[in-house]
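Small disclaimer: the values here were computed from a predicted structure and weren't measured.
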Amino acid sequence: MNNHLYHDMNVFVSSQRIDEPHTAALIDKLREAGFRVSHSPKNPSDGHDERWTNWYHKGLINDLDETIVFIAAIDMGWDSATWMAIESDEARRRLTGGQIRQMYYYNPLHIAVKAKGMLPYLKEQLPDDLDSVIETLSKLSQ
């Protein structure tokens with residue numbers, strides 16, 4: 001695959017555990033395909049991430065200013081993490097305003113999202129297979 005094919009397509013991966021195997025694999029596959037990827041900071045319980053010092057006031061805003069596609073990567077704690085709601089809500093606001101082209105969620109483990117307040121963010125599901133994810137996203141660049 002041409003690594004520069006999607007270099008102008010910025011993808012933001014929102015996950016409360018960016019090091020979870022399925023989330024890390026998604027980020028790696030997107031980068032391998034040539035997408036520019038930014039993501040949520042590391043969960044504080046998983047280690048230090050300098051971006052937390054200004055995440056809500058600067059980091060998230062700057063990242064989403066460059067984002068074309070927002071992907072919520074679902075894991076066991078996704079629907080109970082306040083910062084997932086903040087990231088998703090900001091993305092949905094930008095989607096409605098036309099700044100973000102598409103908002104998806106990725107849930108290959110088929111984790112049930114139980115928090116009713118989080119369900120409105122889950123409208124467009126990506127396929128479980130990573131090659132199919134790339135194929136789906138590639139259609140946005142055509």
Side-chain angles (χ1 to χ4, degrees), residues 1-113 115 117-142:
M1 181 171 287
N2 182 346
N3 247 8
H4 301 289
L5 188 58
Y6 309 111
H7 68 277
D8 62 340
M9 225 171 150
N10 294 345
V11 176
F12 184 88
V13 176
S14 176
S15 177
Q16 66 99 22
R17 283 252 159 25
I18 59 167
D19 296 327
E20 283 280 319
H22 73 282
T23 302
L26 171 65
I27 291 169
D28 289 345
K29 187 69 170 184
L30 290 167
R31 287 181 173 151
E32 178 185 299
F35 292 95
R36 290 192 316 200
V37 180
S38 56
H39 55 74
S40 307
K42 182 182 285 279
N43 188 310
S45 65
D46 294 336
H48 179 72
D49 192 320
E50 197 61 40
R51 294 178 300 156
W52 278 116
T53 58
N54 65 2
W55 182 243
Y56 297 114
H57 303 293
K58 186 177 179 189
L60 175 62
I61 302 306
N62 289 344
D63 280 355
L64 291 183
D65 280 348
E66 302 294 321
T67 296
I68 298 210
V69 175
F70 179 92
I71 301 171
I74 310 303
D75 58 40
M76 291 305 290
W78 181 83
D79 64 348
S80 63
T82 303
W83 93 84
M84 294 299 92
I86 292 169
E87 290 178 2
S88 296
D89 196 59
E90 182 64 25
R92 185 174 63 178
R93 188 179 67 71
R94 289 166 181 259
L95 177 70
T96 302
Q99 294 95 357
I100 288 179
R101 191 179 311 168
Q102 191 65 45
M103 193 169 170
Y104 292 106
Y105 70 100
Y106 180 63
N107 190 5
L109 303 179
H110 305 278
I111 296 167
V113 174
M118 296 300 275
L119 294 176
Y121 304 122
L122 306 179
K123 297 291 185 205
E124 297 277 339
Q125 185 171 6
L126 285 169
D128 294 346
D129 173 68
L130 289 173
D131 289 328
S132 297
V133 167
I134 300 303
E135 184 179 321
T136 298
L137 297 180
S138 71
K139 293 174 184 171
L140 292 173
S141 68
Q142 298 173 355

Item to check | side chain to side chain donor-acceptor pair (under 3.5 Å) partners for Glu135, two or more places apart | outcome: none
Checklist outcome for this item: Residue set satisfying side chain to side chain donor-acceptor pair (under 3.5 Å) with Asn107, at least two apart, ordered chain then number -> none
Looking at side-chain heavy atoms only, is the closest gap between [X] and [Y] below 4.5 Å?
| X | Y | value |
| --- | --- | --- |
| Ile100 | Ile68 | no |
| Ile61 | Glu90 | yes |
| Arg94 | Thr67 | no |
| His110 | Asp128 | yes |
| Asp75 | Leu109 | no |
| Ser80 | Gln16 | no |
| Tyr106 | Val13 | no |
| Tyr104 | Thr136 | yes |

Checklist entry - Please walk me through it: do Val133 and Lys29 pass side-chain contact (heavy atoms from CB on, under 4.5 Å)? => result CA-CA 9 Å; Val133 167; Lys29 187 69 170 184; over 6 Å; no
[X] to [Y] - nearest heavy-atom pair and separation:
| X | Y | result |
| --- | --- | --- |
| His48 | Lys42 | O-CD, 4.1 Å |
| His39 | Trp55 | O-CH2, 3.8 Å |
| Met84 | Ser15 | SD-C, 3.5 Å |

Residues in side chain to side chain contact (heavy atoms under 4.5 Å, CB included) with [X], at least two apart?
| X | value |
| --- | --- |
| Ala115 | Asp79, Met118 |
| Asn54 | Lys58 |
| Lys123 | none |

Next on the checklist: Under a 3.5 Å cutoff, is there a donor and acceptor pairing between the side chains of Arg51 and Ser40?
Outcome noted: no
Report yes or no: does [X] contribute a side-chain atom to a donor-acceptor pair with the main-chain N or O of [Y] at less than 3.5 Å?
| X | Y | answer |
| --- | --- | --- |
| Tyr105 | Ile71 | no |
| His22 | Ile74 | yes |
| Asn43 | Arg17 | no |
| Asp49 | Pro41 | no |

Out of curiosity, [X] [atom1] to [Y] [atom2], how far, rounded to the nearest 0.5 Å?
| X | Y | atom1 | atom2 | result |
| --- | --- | --- | --- | --- |
| Ser88 | Leu95 | OG | CG | 11.5 Å |
| Glu87 | Leu60 | CD | CG | 5.5 Å |
| Leu140 | Met9 | CG | CE | 4.0 Å |
| Leu26 | Ile18 | CG | CD1 | 12.0 Å |
| Asn10 | Leu30 | CG | CG | 11.5 Å |

Next on the checklist: With a 6.0 Å cut-off (strictly less than), is the heavy-atom count around NE2 of His57, excluding the residue itself, greater than 12?
Outcome noted: no
Item to check | Basic-acidic side-chain contact under 4.0 Å: Asp28, Arg31 | outcome: no
Item to check | Selection residues 62-100 - residue pairs positive for ring-ring contact (aromatic ring centres under 6.0 Å, His included), sequence neighbours left out | outcome: Phe12-Phe70, Trp52-Trp83
